[in-house]
Amino acid sequence: MSVTDALLKNAYEDTQLLIKNDSLGDVFSIPRDVDFVLKCDDRKKAEIVASFILDNRYGLPSIGESDSGFRVVVTVNMPTTQNVLCSVSGLMACLSKLFDLDYDGWGCVVQHGESSDAIPT
């Protein structure tokens, strides 16, 4: 798959997840930790990618083992407005192509903001 095709597919999938989160009442403008997952079968490659991400301040990477190899989880504290989320997710898709990894998408906790029932202090 070309980089262009990967970006188009990625943007579509990101938008579908944002639509789902919207139906759950997510307030996209509230910053939160978003985890982006890159998978590979080689620890050395995972370490190189994590170092590259950290050196360029793209996010905070961590490496973990999974049944199918290794995962680099990149955590970025950010709002999930469509333009911001799709840009960062697109970067992760490009990194996956650059380093020959599998980009497994992103996840975060839905943010509801302040409740209307809250008592002011």
Side-chain angles (χ1 to χ4, degrees):
M1 178 183 304
S2 71
V3 172
T4 303
D5 289 339
L7 288 171
L8 290 171
K9 179 181 179 285
N10 197 64
Y12 173 79
E13 291 172 354
D14 290 343
T15 301
Q16 295 306 302
L17 185 50
L18 288 172
I19 289 169
K20 179 184 174 202
N21 286 357
D22 188 43
S23 73
L24 297 172
D26 198 357
V27 180
F28 300 127
S29 61
I30 298 174
R32 79 288 304 269
D33 285 346
V34 181
D35 292 331
F36 299 89
V37 180
L38 301 162
K39 297 162 77 176
C40 67
D41 56 4
D42 180 350
R43 175 174 276 291
K44 182 69 174 168
K45 184 185 285 190
E47 290 171 353
I48 290 168
V49 170
S51 177
F52 181 85
I53 289 167
L54 191 59
D55 289 349
N56 289 288
R57 305 206 185 330
Y58 292 142
L60 184 60
S62 62
I63 299 171
E65 283 192 62
S66 69
D67 293 337
S68 60
F70 296 90
R71 295 169 16 123
V72 178
V73 178
V74 183
T75 303
V76 180
N77 189 275
M78 56 185 265
T80 58
T81 54
Q82 188 173 18
N83 60 334
V84 173
L85 188 282
C86 287
S87 296
V88 177
S89 184
L91 171 65
M92 298 302 161
C94 287
L95 289 175
S96 74
K97 289 294 185 187
L98 180 66
F99 288 100
D100 193 29
L101 307 170
D102 292 322
Y103 177 45
D104 200 30
W106 58 273
C108 67
V109 175
V110 171
Q111 300 295 313
H112 295 287
E114 292 184 9
S115 167
S116 59
D117 298 331
I119 299 171
T121 56

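Just so we're clear, the structure is a prediction, and the values are computed from it rather than from any experiment.
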Under 3.5 Å: donor-acceptor pair, side chain of Asp42, backbone of Lys44: yes
Polar side-chain atom of Lys45 near backbone of Leu101 as donor-acceptor pair, under 3.5 Å: no
Side chain to side chain donor-acceptor pair (under 3.5 Å) partners for Lys9, two or more places apart: Glu13
Path from Ile48 to Ile63 over hydrophobic side-chain contacts below 4.5 Å: yes
Cluster overlap Met78 with Val73, hydrophobic side-chain contacts below 4.5 Å: no
Scan the side chains in residues 87-99 for donor-acceptor partners under 3.5 Å anywhere in the protein, sequence neighbours excluded, and list what turns up.
| unit_1 | atom_1 | unit_2 | atom_2 | d |
| --- | --- | --- | --- | --- |
| Ser87 | OG | Asn83 | O | 2.7 |
| Ser89 | OG | Asn10 | ND2 | 2.9 |
| Ser89 | OG | Asp14 | OD1 | 3.2 |
| Ser89 | OG | Asp14 | OD2 | 2.8 |
| Ser89 | OG | Tyr103 | OH | 2.8 |
| Ser96 | OG | Ala93 | O | 2.6 |
| Lys97 | NZ | Met1 | O | 2.9 |

Heavy-atom closest pair, residues Pro61 and Val72: CB-CG1, 4.1 Å
Inter-residue atom distance His112.NE2 - Asp26.CG, 0.5 Å rounding: 7.0 Å
Side chain to side chain contact (heavy atoms under 4.5 Å, CB included) involving Asp104 - partner list, sequence neighbours excluded: Val37, Lys39
Side-chain heavy atoms of Trp106 within contact of Leu85, under 4.5 Å: yes
Residue list, side chain to side chain contact (heavy atoms under 4.5 Å, CB included) with Val27, at least two apart or on another chain: Ser29, Ile30
Hydrophobic cluster membership, Val74 vs Phe52, 4.5 Å side-chain cutoff: yes
Heavy-atom closest contact (Thr80 atom, Leu18 atom, distance): O-CD2, 3.4 Å
Point-to-point distance, once rounded to the nearest 0.5 Å, from CG of Asn77 to SG of Cys108: 10.5 Å
Set of residues satisfying side chain to side chain donor-acceptor pair (under 3.5 Å) with respect to Thr15, sequence neighbours excluded: Gln82
Asn21 CG to Leu17 CG distance, which is reported to the nearest 0.5 Å: 4.5 Å
CG (Asp22) with more than 12 external heavy atoms under 6.0 Å: yes
ILVMFWY cluster membership beyond Tyr12 - transitive side-chain contacts under 4.5 angstrom: none
